[in-house]
**Student:** 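Structure provided below as structure tokens; questions to follow.
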Amino acid sequence: MPLATARRIALAAQGFAAVRPTSPPTRRTVMRVLDNTRLLQLDSVSAVVRAHYAPVFSRIGAYDRSLLDEAAWTDTARRPRRLVEFWAHEAALIPVEDWSLMRWRMEQYRHGRWSGMKQVLDRNPTLGDEVLGVLREFGACTAGEVEKHLELDRPRAKDHWGWNYSDTKVVCEALFASGELSVAKRVGFQRYYDLTERVVPADVLAQRIDETDAVRELVRRAATAHGIGTETDLRDYYRLNRRQTEPAIADLIAAGELEQVTVAGWDKPAYLHTAARTPRRVTGAALLCPFDPLIFFRARTERLFDFHYRIEIYTPEPKRVHGYYVFPFLLDGELVGRVDLRAERATGRLLVPGAFTEHGRDPARVAAELAKTLREMADWLELDTVEVGDRGDLVSALAAALR
């Protein structure tokens with residue numbers, strides 16, 4: 001299979017070959033994005049917009065972000081919850097019905113996701129039950145509110161990422177990872193924890209799926225979201241391991257759902273989902289946030305698009321190549337450039353400190369299409385102007401196009 005064909009299959013699987021809605025997107029339109037991606041990664045960085053909002057915009061254009069909030073954090077008889085949080089590809093929103101596919105992982109996390117959590121649990125042997133008691137009595141709370149109810153001021157210990165979490169927060173996170181707690185809502189991006197039976201529907205909560213069957217289903221979902229991918233691609237989507245994915249892939253091949261193929265230039269076998277679409281061409285433009293499911297596995301991004309991409313948030317500023325929060329620019333099925341972006345809400349400006357063209361691309365065309373997409377993003381974020389900085393080979397042409 002030519003690489004260009006594999007690329008079109010992958011883009012179609014992620015929803016980039018679909019016709020964008022001409023009327024204002026509805027909740028159903030937003031959820032159709034999840035039909036393709038199966039998950040939206042969560043991240044605390046808000047340099048432009050929170051990471052889970054951006055992939056929806058990339059696929060359907062400007063939409064009301066409250067539609068996604070409602071799907072994730074509202075649960076009423078009229079509007080039942082459609083999404084729930086858990087550790088899928090990192091912290092992510094997943095369809096509620098997928099929660100039970102993660103029970104094996106919850107069992108793995110019963111003592112916490114990392115060793116520091118277990119140490120906190122060991123030195124606070126009753127705190128877990130105390131947290132559960134508070135939530136049972138008072139309903140959804142932040143970790144800080146739980147501490148106030150318990151009248152605690154527990155010590156704070158820095159873990160390997162440097163987060164200054166109190167013991168109560170660590171215990172809440174451990175209970176979330178083990179499935180005893182879930183996230184009822186977020187306010188200002190803070191998690192409000194609650195008992196899982198109050199968040200996850202009873203029929204989903206009652207499902208018991210063993211690890212082998214659950215992993216096979218997760219690999220099936222990853223294959224559908226990819227259209228085509230290597231074993232490492234399928235493994236990464238839900239952070240599985242090779243021991244799990246290889247038997248699952250074999251089962252899906254035997255069932256006729258996957259077909260092993262060779263993609264020109266790839267040094268590993270690829271697996272094509274037999275229901276994947278192969279459009280003749282993919283058109284349109286989109287800005288992709290660093291955590292977009294199309295590109296969050298950097299090795300796949302390079303293999304599919306010949307596009308070397310690394311997030312530079314944690315790189316000291318003098319050593320950054322492209323910028324702090326860089327969005328690759330997708331145009332007619334190829335990654336043709338990248339822009340460092342910042343939303344300055346106080347002044348109503350979408351700032352573009354740097355803009356860069358990929359080798360061999362036409363800067364004038366890239367700039368013209370990128371200018372339109374940046375204006376669309378600015379309007380979506382309710383920002384008045386787009387202002388271009390001075391870093392990168394594309395800034396002059398982009399500034400001219402915006403004028």
**Student:** Which label fits F296 and Y237: parallel for a plane angle under 30°, tilted from 30 to 60°, or perpendicular past 60°?
**Tutor:**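 Rings of F296 and Y237: tilted, as their planes differ by 30° to 60°.
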**Student:** I need the minimum non-hydrogen distance between F16 and S58, along with the two atoms involved.
**Tutor:**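 Residues F16 and S58, closest heavy atoms: CE2-O, 3.7 Å.
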**Student:** Just wondering, do L272 and I9 contact through their side chains at under 4.5 Å, heavy atoms?
**Tutor:**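 A side-chain contact under 4.5 Å exists here.
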**Student:** So which heavy atom on R239 is nearest to which on A88, and how close?
**Tutor:**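 Looks like CG-O, 3.6 Å.
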**Student:** So K268 and D233, salt bridge (Lys or Arg N to Asp or Glu O under 4.0 Å) or not? Walk me through it.
**Tutor:** CA-CA 11 Å; K268 298 176 182 178; D233 295 338; over 6 Å; no
**Student:** Kindly give the heavy-atom pair with the smallest separation between L294 and A10, and that separation in Å.
**Tutor:**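 It is CD1-O, 4.5 Å.
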**Student:** Taking 4.0 angstrom as the limit, do E147 and K169 come out as a salt bridge?
**Tutor:**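 Judged by the 4.0 Å cut-off on N to carboxylate O distance, E147 and K169 do not form a salt bridge.
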**Student:** Check whether any side-chain heavy atom of L350 lies under 4.5 Å from a side-chain heavy atom of M377, and answer yes or no.
**Tutor:**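 Yes - at least one pair of side-chain heavy atoms lies under 4.5 Å apart.
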**Student:** So does R82 have more than 12 non-hydrogen atoms from other groups sitting under 6.0 Å from CZ?
**Tutor:**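 No, the 6.0 Å shell around CZ holds no more than 12 heavy atoms from other groups.
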**Student:** Does a side-chain heavy-atom distance below 4.5 Å link W87 with M102?
**Tutor:**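 No, side chains not in contact.
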**Student:** Rounded to the nearest 0.5 Å, what's the gap from OG1 on T26 to CG on D64? Could you check?
**Tutor:**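 Atom-to-atom, T26:OG1 and D64:CG are 11.0 Å apart.
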**Student:** Enter the distance from E145:CD to L135:CG here, rounded to the nearest 0.5 Å.
**Tutor:**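 Rounded to the nearest 0.5 Å, the CD-CG separation comes to 10.0 Å.
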**Student:** So, R221 and E217, do they make that salt bridge, N to O below 4.0 Å?
**Tutor:**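 Counted as a salt bridge, because a side-chain N and a carboxylate O are separated by less than 4.0 Å.
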**Student:** Does R65 make a cation-pi contact with W380 (under 6.0 Å, within 45 degrees of the axis)?
**Tutor:**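 Flagged: R65 positioned over aromatic ring of W380.
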**Student:** Salt bridge check, D340 against R391: does any charged N sit closer than 4.0 Å to a carboxylate O?
**Tutor:**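 Yes, R391 and D340 are salt-bridged.
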**Student:** Go through the steps for R303 and D267 under the test salt bridge (Lys or Arg N to Asp or Glu O under 4.0 Å), then give the verdict.
**Tutor:** CA-CA 10 Å; R303 200 183 321 113; D267 60 359; 5.5 Å; no
**Student:** Using a 4.5 Å cut-off on heavy atoms from C-beta on, say whether the side chain of L240 contacts that of R105.
**Tutor:**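 They are in side-chain contact.
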**Student:** Does D43 pair with R50 as a salt bridge, N-O distance under 4.0 Å?
**Tutor:**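 Result for this pair is no, no salt bridge flagged.
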**Student:** Rounded to the nearest 0.5 Å, what's the gap from OH on Y309 to CD1 on I311? Could you check?
**Tutor:**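 Y309 atom OH to I311 atom CD1 measures 5.5 Å (nearest 0.5 Å).
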**Student:** Hey, can you pull the donor-acceptor pairs under 3.5 Å for the side chains in residues 320-331, sequence neighbours left out?
**Tutor:**
residue	atom	partner	partner atom	Å
R320	NE	E312	O	3.1
R320	NE	T315	O	2.9
R320	NH2	T315	O	3.3

**Student:** Please assess H273 against I228 for the test side-chain contact (heavy atoms from CB on, under 4.5 Å), listing each intermediate value before the final yes or no.
**Tutor:** CA-CA 6 Å; H273 195 288; I228 187 170; over 6 Å; no
**Student:** So, T245 versus E231: side-chain donor-acceptor pair below 3.5 Å or not?
**Tutor:**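 Indeed, the side chains of T245 and E231 share at least one donor-acceptor pair under 3.5 Å.
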**Student:** Please determine whether a side-chain nitrogen of the Lys or Arg among R38 and D98 lies less than 4.0 Å from a carboxylate oxygen of the Asp or Glu.
**Tutor:**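 Result for this pair is yes, salt bridge flagged.
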**Student:** When you compare the side chains of Q108 and R113, does any donor N or O come within less than 3.5 Å of an acceptor on the partner?
**Tutor:**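 No, no side-chain donor-acceptor pair sits under 3.5 Å.
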**Student:** Side chains of residues 393-403: which donor-acceptor pairs under 3.5 Å do they make with residues two or more places apart or in other chains?
**Tutor:**
residue	atom	partner	partner atom	Å
D393	OD1	T357	N	3.0
D393	OD2	T357	OG1	3.1

**Student:** Do you see a donor-acceptor pair shorter than 3.5 Å between the side chains of H226 and R300?
**Tutor:**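 Side chains of H226 and R300: pair found under 3.5 Å.
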**Student:** Taking it one step at a time, do L258 and T274 satisfy side-chain contact (heavy atoms from CB on, under 4.5 Å)?
**Tutor:** CA-CA 6 Å; L258 295 184; T274 53; 5.9 Å; no
**Student:** Among all residues two or more places apart in sequence or in another chain, which pass the side-chain hydrogen bond (donor to acceptor under 3.5 Å, both in side chains) test with K185?
**Tutor:**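 With neighbours one apart ignored, the set is empty.
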**Student:** Pair L381, V48 - check side-chain contact (heavy atoms from CB on, under 4.5 Å), show working.
**Tutor:** CA-CA 9 Å; L381 297 176; V48 180; 3.8 Å; yes
**Student:** Are E334 and R365 close enough for a salt bridge, meaning some N to O gap below 4.0 Å?
**Tutor:**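 Result for this pair is no, no salt bridge flagged.
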**Student:** Passes side-chain hydrogen bond (donor to acceptor under 3.5 Å, both in side chains), E344 versus T347? Steps please.
**Tutor:** CA-CA 6 Å; E344 195 174 86; T347 60; 2.4 Å; yes
**Student:** For the residue pair L83 and V96, what are the closest heavy atoms and their distance?
**Tutor:**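 Scanning both residues, the minimum pair turns out to be N-CG2, 3.6 Å.
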**Student:** Is any side-chain heavy atom of L287 closer than 4.5 Å to a side-chain heavy atom of V339?
**Tutor:**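 When only atoms from C-beta onward are counted, V339 and L287 do touch, with a gap below 4.5 Å.
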**Student:** I'd like to know if E173 pairs up with R191 as an ion pair, taking the criterion as any Lys NZ or Arg NE/NH1/NH2 lying under 4.0 Å from an Asp or Glu carboxylate oxygen.
**Tutor:**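 Salt bridge present between E173 and R191.
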**Student:** Measure the OG1-CD distance between T196 and E180 for me, rounded to the nearest 0.5 Å.
**Tutor:**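 T196 atom OG1 to E180 atom CD measures 7.5 Å (nearest 0.5 Å).
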**Student:** Quick test of your reading of the model: are D332 and R281 salt-bridged, counting only N-O distances below 4.0 Å?
**Tutor:**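 No, this pair does not count.
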**Student:** So, E257 and R220, do they make that salt bridge, N to O below 4.0 Å?
**Tutor:**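 Salt bridge between E257 and R220, a charged N being under 4.0 Å from a carboxylate O: yes.
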**Student:** Determine, using ring centers only, whether Y192 and W73 are less than 6.0 Å apart.
**Tutor:**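 No: the rings miss the under 6.0 Å criterion.
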**Student:** Quick one: sort the F176 and F86 rings into parallel, tilted or perpendicular, breaks at 30° and 60°.
**Tutor:**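 Because their plane-to-plane angle is over 60°, the rings of F176 and F86 count as perpendicular.
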**Student:** Is there a donor-acceptor pair closer than 3.5 Å between any side-chain N or O of H89 and the backbone N or O of L39?
**Tutor:**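 Judged by distance alone, no pair lies under 3.5 Å.
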**Student:** Return the minimal non-hydrogen interatomic distance between V366 and V336, and the atom names on each side.
**Tutor:**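 Closest pair (atom of V366, atom of V336, distance): CG2-CG2, 3.9 Å.
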**Student:** Would you say CG of D122 has more than 12 non-hydrogen atoms from neighbouring residues, nucleotides or ligands within 6.0 angstrom?
**Tutor:**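 More than 12 within 6.0 Å, yes.
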**Student:** Less than 4.5 Å apart, any side-chain heavy atom of S44 and any of F189?
**Tutor:**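 Heavy-atom side-chain distance check passes, below 4.5 Å.
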**Student:** When you look at L175 and Y193, which way does the side-chain contact (heavy atoms from CB on, under 4.5 Å) test go after all the steps?
**Tutor:** CA-CA 9 Å; L175 291 170; Y193 304 94; over 6 Å; no
**Student:** Would you check if F297 and T232 make a side-chain contact, meaning some heavy-atom pair closer than 4.5 Å?
**Tutor:**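 Yes, close enough: below the 4.5 Å cut-off.
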**Student:** In Å and rounded to the nearest 0.5 Å, what is the CG to CG distance from D69 to L93?
**Tutor:**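 The distance works out to 9.5 Å.
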**Student:** Do R342 and R349 have side chains that get closer than 4.5 Å, going by heavy atoms?
**Tutor:**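 When only atoms from C-beta onward are counted, R349 and R342 do not touch, as no gap falls below 4.5 Å.
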**Student:** Can you check salt bridge (Lys or Arg N to Asp or Glu O under 4.0 Å) on E358 and R361, steps first, answer last?
**Tutor:** CA-CA 6 Å; E358 288 302 290; R361 308 299 180 180; over 6 Å; no
**Student:** Salt bridge check: are K372 and E369 linked by an N-O gap of less than 4.0 Å?
**Tutor:**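 Between E369 and K372 there is a salt bridge, with a charged N closer than 4.0 Å to a carboxylate O.
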**Student:** Hey, is R235 close enough to E246 for a salt bridge, meaning N to O under 4.0 Å?
**Tutor:**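 So R235 does not pair with E246 through a salt bridge.
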**Student:** Where is the tightest heavy-atom contact between D75 and P80, given as atom of each residue plus distance?
**Tutor:**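 In terms of heavy atoms, the two residues are closest at OD1-CA, 3.4 Å.
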**Student:** To the nearest 0.5 Å, tell me how far I295 CD1 sits from F305 CZ.
**Tutor:**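 Answer rounded to 0.5 Å: 8.5 Å.
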**Student:** Q244 and E211: side-chain hydrogen bond (donor to acceptor under 3.5 Å, both in side chains), yes or no, with the steps?
**Tutor:** CA-CA 9 Å; Q244 295 172 306; E211 180 177 341; 3.0 Å; yes
**Student:** Hey, are D213 and R216 close enough for a salt bridge, meaning a charged N less than 4.0 Å from a carboxylate O?
**Tutor:**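 So D213 pairs with R216 through a salt bridge.
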